[in-house]
Amino acid sequence: MLVTERYRPEQPLDQLGAEFADAVRPADFPKLTLRFRHQRVAERLGLDRLDDAQWVEHFGQLNPLPGAQPRRLALRYHGHQFRTYNPDLGDGRGFLLAQLREAPSDRLSDLSTKGSGRTPYSRGGDGRLTLKGGVREALATAMLEALGAPTSDTLSLVETGEALQRSDEPSPTRACVLVRRTYSSIRFGTFQRHAFHERKDLLTALTRHVLGVYHPDLAAAADPAAALLGRVVEQTAVLTAGWMLAGFVHGVLNTDNMNINGESFDYGPYRFLPRNDPNFVAAYFDQNGLYAFGRQPEAVFWNLNQLAGALSLICSDEALADQLNRFSTLYREAMTAGMLRRLGLMSSGAAADQELAQSAFRALATGGDALRWEPFFFDWFCGLASQARAMSGPRSALYDQEAFLAFRARLAMFEAERPERLITPYFAQREPEELLLPAIEGVWQDIAERDDWTAFQLKLEAIDNARRAYDFPVRR
Ligand code: AMP
Ligand code: MG
């Protein structure tokens, strides 16, 4: 296999012990067709020189990577689904394929599959992923990255030649296997599982593992579980703010879909907001709106409480509560800082920054149907440096209204951060890149009806233009 000098496999999870995972085998797929390889991510992992046949051997057939863990591991976890505890979860249609150190960040990356076949945790499921689900996930990860939210990457999509039956898609429907890169596959639900079985020894080992591998600065902490929770609270606050500022509704914020390093992953019925709407619900099966857009911070905090509950077997309640209580402040700070980043502005001091963020949200709220989410940020990127563009664009009449006059007056107090970003061709477009449902359905329609992947590729390219234009800092 043609790997580069950047290729650095390690196997800490496989070495963690037999209680954390089960060795499984991938399904034997009838026909493998490479549909997408994320070359920029592959470069960071030292995999960019694989030819397509090698790529399919490892990310379609799912053969272990050289020097990486020899076993394919379905990870064990439980979780709360819509607030009901489910002890029958676990990797039911995926496994950990490899762990590689990423360059130049030096962070450990997990390559995990989705749609790779049945495992001991499949319950009644077929272990498969629809091709449409894979396409949707590839688009979501690209868009969230472009907007500066911490997310897994979609490394690979390989169509498998199978036909699936699904109640929420016209069936039979095509199938694929997806490989994602995340900075960790350990979920809140991983801790919950070992707490459920009252295995303090495993909770302690898992805590030590997470601190040792991901947070060496905390490895010598006097109270490791509290230190770990503190770090998860910090990173999850940033993640939640990232979703809220991207206008992103995850849809299924169960504790098994939250990982311990504040990275968004596992994209099912997600939606990007067409316009500001706190009650917007992504999943048709979320009938009570538990995971509606505006309830995401509350849902995340509830999930953090469940993680704390699991850790309470090996840590005092007081120490855990102290960490949990930091969430709301950290979240608010992340929202303010994130709003400045999205608007391309430098700080004018804590008080002024907060007022700007509030003013921006008020403007978004009063924009109503006339103002889609993404154009607001596009029109006012770098503040008043964009005023002439905003006032000659498609939403100029709206921006003369009261709420926007107040917002524009606030903008006058802020300096643009790296205004040279406005010179990129992206800001010569009349409209920004968005990822609303009709666009996704359009991309899928071309694939479903004519096997035409052009719109999918063009959409990814357009999103990548946005990413390069905004050039938001990425936590690596
Ligand atoms: P999700 O809501 O996608 O995060 O999945 C919740 C649980 O159901 C996890 O344990 C998944 O592995 C499992 N699961 C989801 N879809 C399937 C499927 N088609 N076959 C087997 N297990 C599945
Ligand atoms: Mg999941």
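Counting starts at 1 for both ligands and their atoms, following the listed order. Computed from a predicted model, the values in this text were never measured in an experiment.
Within the structure, side-chain hydrogen bond (donor to acceptor under 3.5 Å, both in side chains) pairs that include any residue of residues 45-57 comprise R37-D52, W55-S156 (at least two apart or interchain).
Residue, atom and distance of the protein heavy atom nearest to atom 16 (N) of ligand 1 are R93 NE, 3.1 Å. G90 O, 2.6 Å is the protein heavy atom nearest to atom 10 (O) of ligand 1. Here the heavy atom of the protein found nearest to atom 5 (O) of ligand 1 is D256 OD2, 4.5 Å. With respect to atom 1 (P) of ligand 1, the closest heavy atom belonging to the protein is D266 OD2, 4.1 Å.
Taking the six-membered ring where tryptophan is involved, the planes of H209 and Y214 are perpendicular, since the angle between them exceeds 60° and thus also 30°. Ring planes of F377 and W373: tilted class, angle from 30 to 60°. Between Y85 and H80, the ring-plane angle classifies as perpendicular under the 30° and 60° cut-offs.
The closest heavy-atom contact to atom 12 (O) of ligand 1, among the options G79, G92, G117, comes from G92. The residue among D88, D126, L75, N257 with a heavy atom at the shortest distance from atom 2 (O) of ligand 1 is N257.
Among the atoms of Y121, none of the N or O lies under 3.5 angstrom from an N or O of ligand 1.
Aromatic pair F196/H78: centroids less than 6.0 angstrom apart. Checked against a 6.0 Å centroid threshold, the rings of F191 and Y77 do not count as neighbours.
Heavy-atom contacts of R166 reach the following atoms of ligand 1: 19 (N) (cutoff under 4.0 Å). Of all atoms in ligand 1, numbered sequentially from 1 with element shown, those under 4.0 Å from a heavy atom of R123 are 7 (C), 8 (O), 10 (O), 13 (C). Within ligand 1, the atoms closer than 4.0 Å to a non-hydrogen atom of R128 are 19 (N), numbered from 1 in the order shown. Of all atoms in ligand 1, numbered sequentially from 1 with element shown, those under 4.0 Å from a heavy atom of G125 are 20 (N), 21 (C). Less than 4.0 angstrom separates some heavy atom of G127 from each of these atoms of ligand 1: 18 (C), 19 (N), 20 (N), 21 (C).
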I'd like to know whether T151 forms a side-chain hydrogen bond (donor to acceptor under 3.5 Å, both in side chains) with T141, so could you lay out the CA-CA distance, the side-chain angles of the two residues, the decisive distance to 0.1 Å, and finally the verdict. CA-CA 6 Å; T151 175; T141 49; 5.5 Å; no
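Inter-residue side-chain proximity for I447 and D452 is flagged as unmet; no heavy-atom pair is nearer than 4.5 Å.
Each of Q15, R101, Q69 was compared with E10 under the side-chain hydrogen bond (donor to acceptor under 3.5 Å, both in side chains) criterion, and only R101 meets it.
Put simply, N257 gets within reach of the Mg ion (ligand 2), with an N, O or S atom under 2.8 Å from it. Residue D256 does not count as close to the Mg ion (ligand 2), with no N, O or S atom under 2.8 Å.
Environment of CZ in R25: sparse, with no more than 12 heavy atoms of neighbouring residues, nucleotides or ligands closer than 6.0 Å.
Residue contacts with ligand 1 include Q81, since one or more of its heavy atoms lies under 4.0 Å from the ligand.
Taking the Mg ion (ligand 2) as reference, D266 places its N/O/S atom OD2 nearest.
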